[in-house]
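All remarks here apply to the structure that follows.
Since the structure is predicted, the reported quantities are computational estimates derived from the model, not experimental observations. The chains referred to below are lettered A, B, ... by the order of the sequence lines, with proteins before strands, and numbering in each begins at 1. Scope of the values below: all heavy atoms of this structure, side chains included, with no hydrogens, waters or symmetry mates.
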Amino acid sequence: MHKDTDCGQPRRADADAGKEITVAGWVHRRRDHGNLIFIDLRDRTGLLQVVFNPEVSSDAHHLAESLRSEWVVKVTGKVARRIQGAENPNLATGEIELVASELTVLNQSLTPPFEVDEHINVSEDMRLQYRYIDLRRQKMQDLLKMRHNVTRIMWDELTDKGFTQVETPILIKSTPEGARDYVVPSRVHPGEFYALPQSPQQLKQILMVSGIERYFQIARCFRDEDLRADRQPEHTQLDLEMSFVHQKDVTDVVEHLYARIMREVRPEVKVPAPFTRLSYEEAMTRFGTDKPDMRLGMELATLTEAAARSEARVFQSIAADGGSIRGIAVPGCAGYGRRQTDELIDIAKRHGAQGLVFIAIDESAESIETMTEEQARGPLNKFMSVDIIRDIARQTGAKPGDLILMVAGAEKMVNRVLSELRLEMGRRLEIADPNEFSFAWVTDFPLFEWDGDSKHWTPAHHVFSAPKTEHIDILESDPGAVHADLFDLVCNGWELGSGSIRIHNPELQRRIFGVIGYTEEQVADRFGHLLRAFQYGAPPHGGMGLGLDRLVALIAGESSIREVIAFPKTQSASDPMFEAPSKISDEQLAELHIAVITDDE
RNA sequence: GGCCCCGUGGUGUAGUGGCCUAACACGCCUCCCUGUCAAGGAGGAGACCGGCAGUUCGAAUCUGCUCGGGGUCGCCA
């Protein structure tokens, strides 16, 4: 080793003073006082102040004059207690310093494009281009370690529970469902292609047929779709699958694991236990979304009946057409002015609403029951009696000083709009406690969704989820009413993963394919291997896929998963450091039997 | 594919039609300094304003196209 001690290691003057040590690392900062030179030396464990004193070693002092930021050096010297008054309480090693007797420059460095420091502000573009420098920052090192710890706990916990980690192949077969595949040409089979897995779903189900019983993998998944703050073309998921289980068995394992991760990685935060459980129906009714942030309050109320009793034509006609009128009460916002309400109307319109109806309950009202007509202000109030307004206030839970937001129209749109407004108001009012992690299981999803474009039923999750036993009879006759043992794990508005009890009966699996509208040929081509496997004693099984990047970002309080991925890609799915993707040589293309067609224009 | 925001020395910003021969901070370079720690002091170098085309007497500033980055809708079994 070039060093015998880590920079962050010697900490106490009593214990360490007088020891001769050798450390090595990067020059974090240099303070040259002429005759006395200070270097903050940085390695993965932290900072250590090194002093070069010409009276101790004139050679070392002389060489130290040439040191610059990010040079890589090795220093030998004696640990000494700092002189009185020169201690640095901000540094873990602030009580001591290293008095250098010997300095070796192991490598020089160009002046870095940005400083390796926490307080600086650099564009993400620049950070990604020089990711190796960016990752030297303490914060990035901490995030990578946190991620490591999360996966370490996954390994520990699942190993204890009898799980076996199995690596599944990265080169598999394209089964064009859902997302676009990333595709890899085969040299040996001209004109044929592998696909990178969108998830190891089928492989892990086959492992259940193989008798593994409890499988997990920290698996890379590839999807060639547009990126977002929480979506990368390759993401990592904790993939797990269990045999002979019911839904509760799967959620118990995951809940125990996630509670433990929170306890060990963020011991200071609140994690309400047990995790909340609510059905998809209930989530949509109370929050308008299947991934609610439950810290926000402001639950949705159905006001169709009350609003339809008013003289307001909009409400009457929407109610008559089978539409829905719903609303939320935003605490303390009765004083919102025109500009603020206009902003909310914009948000509502962006998400499909025709408009947004406000009722402001004046602070001066003693209570909802005693408030007067004048104490409730709103554009449609002249069409509503005080009784109706009171009714609306009661159902939304509004109090004096609150602002009620109402949206009318198709239920799906109304829910989406109110859910967005709820999130927006939560952000504005800073309602959510950043130290609370409110996990919830959302269960009993419908198995199918109607796709108006393709005029087909499509799987709400994926084709392998089992319908609830009591709904098997109506699979073909009323697909929309079929629910499944299908569940999501959500936390603070983030979808962290979903799972289900799978189909293990090849005949039932064929019926599902039938409802979705696959032909015999398509089924044979895409899923023949799975159906064949199921004919040889497939056990009942179920499992989950849980996003690791999202989990770590959530735990770390980061809004983008790029912060917790060592080498993420930009929104155009490219890597600014590698400059990937890139063209390949004609020789490579020829070998792969590939001709590139260039778009003119 | 749609919509929105951004692009000025190495980095982050200011400048939004003539005051710009482009300002500020950090960084960088030189010198001074034995107790600093986001050291301090003095001096200095460094950008023609993402690219192209236009409007104008005059463009960093206006317009169009384009490239790059970010957010979002679509998309994401």
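Listed pair A:Arg231 / B:G74 fails the phosphate criterion, with no side-chain N or O lying under 4.0 Å from OP1 or OP2. Using a 4.0 Å cut-off, no side-chain N or O of A:Gln198 falls inside it from OP1 or OP2 of B:C76. Distances shown here put a side-chain N or O of A:Ser572 below 4.0 Å from the OP1 or OP2 atom of B:G69. The side chain of A:Ser560 places no N or O atom within less than 4.0 Å of a non-bridging phosphate oxygen (OP1 or OP2) of B:G70. Note on A:Arg228: a side-chain N or O is less than 4.0 Å away from OP1 or OP2 of B:C73.
The distance from atom CG of A:Asp346 to atom C1' of B:U72 is 14 Å, rounded to the nearest whole Å. Rounded to whole Å, atom P of B:C76 lies 13 Å from atom CG of A:Asp181. Rounded to whole Å, atom P of B:G12 lies 13 Å from atom CD1 of A:Ile133. Note: CZ (A:Arg180) to P (B:C75) measures 11 Å, nearest angstrom.
Between the P atoms of B:C49 and B:U61, the separation comes to 8 Å (whole Å). B:G50 and B:G68 have their C1' atoms separated by 8 Å, given to the nearest Å. If you take atom P in B:C6 and the same atom in B:C28, they sit 31 Å apart, rounded to whole Å. Nucleotides B:G10 and B:G46 have their C1' atoms positioned 9 Å apart, rounded to a whole Å. Comparing the same atom, P, in B:U30 and in B:A45 gives a spacing of 15 Å after rounding to whole Å. When the P atom is used for both B:G2 and B:G58, the distance is 34 Å, rounded to whole Å.
For the side chain to side chain donor-acceptor pair (under 3.5 Å) test with A:Glu95, the passing option among A:Arg82, A:Arg12, A:Arg81 is A:Arg12; the others fail.
Nearest heavy-atom pair, A:Cys7 versus A:Thr93, reported as atom, atom and distance to 0.1 Å: O-CG2, 3.5 Å. Across all non-hydrogen atoms, the minimal contact from A:Pro568 to A:Ile565 is CD-O, 3.3 Å.
Base pairing analysis places B:C24 opposite B:G12; the two distances defining the Watson-Crick or G-U wobble pair are each below 3.5 Å. The nucleotide B:C3 finds its pairing partner in B:G71, both defining distances of the Watson-Crick or G-U wobble pair being shorter than 3.5 Å. Base-pair partner of B:C37: not found among the strands shown (Watson-Crick or G-U wobble, both distances under 3.5 Å). In this structure, B:C65 forms a base pair with B:G51, meeting either the Watson-Crick or the G-U wobble geometry with both donor-acceptor distances under 3.5 Å. Using the Watson-Crick or G-U wobble rule with both distances under 3.5 Å, B:A42 pairs with B:U30.
Sorted by first and then second residue, the ring pair (Phe, Tyr, Trp, His ring centres under 6.0 Å) pairs with a member in residues 35-84 of chain A read A:His33-A:Phe38; sequence neighbours excluded.
Relative ring orientation between A:Phe464 and A:His462 is described as tilted, the plane-to-plane angle lying within the 30° to 60° band.
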Does the protein touch nucleotides 28-46 of chain B at the base, only the backbone, or not at all? Give it as B, S and - per nucleotide, heavy atoms under 4.0 Å.
SSS--BBBBBBB-------
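Side-chain N/O atoms of A:Asp142 and A:Gln138 include a donor and acceptor closer than 3.5 Å. In the model, A:Thr443 has no side-chain atom that pairs as donor or acceptor with a side-chain atom of A:Gln247 under 3.5 Å. A donor atom on one side chain and an acceptor atom on the other are found under 3.5 Å apart for A:Arg220 and A:Thr236.
One finds no salt bridge joining A:Asp16 and A:Arg11 here, because no Lys/Arg side-chain nitrogen approaches an Asp/Glu carboxylate oxygen to under 4.0 Å.
In this model, no side-chain donor or acceptor of A:Asp125 finds a partner on the base of B:G70 within 3.5 Å.
When the nearest nucleotides of RNA chain B are assigned to A:Ser574 and A:His351 by heavy-atom distance, the more 5′-ward of the two goes with A:Ser574.
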Can you name the atoms? Protein N/O to nucleotides 8-10 of chain B N/O, anything below 3.5 Å, with the distance.
residue	atom	partner	partner atom	Å
B:G10	O2'	A:Pro113	O	3.1

Under the salt bridge (charged side-chain N to carboxylate O under 4.0 Å, His left out) rule, what do A:Arg416 and A:Glu420 come out as? Steps first, then yes or no, please.
CA-CA 6 Å; A:Arg416 183 173 64 234; A:Glu420 290 298 330; over 6 Å; no
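Side-chain proximity of A:Asn121 to the nucleotides B:G1, B:G12, B:G69 is greatest for B:G12.
Side-chain contact between A:Ile170 and A:Tyr194 is absent, with no heavy atoms from C-beta onward closer than 4.5 Å.
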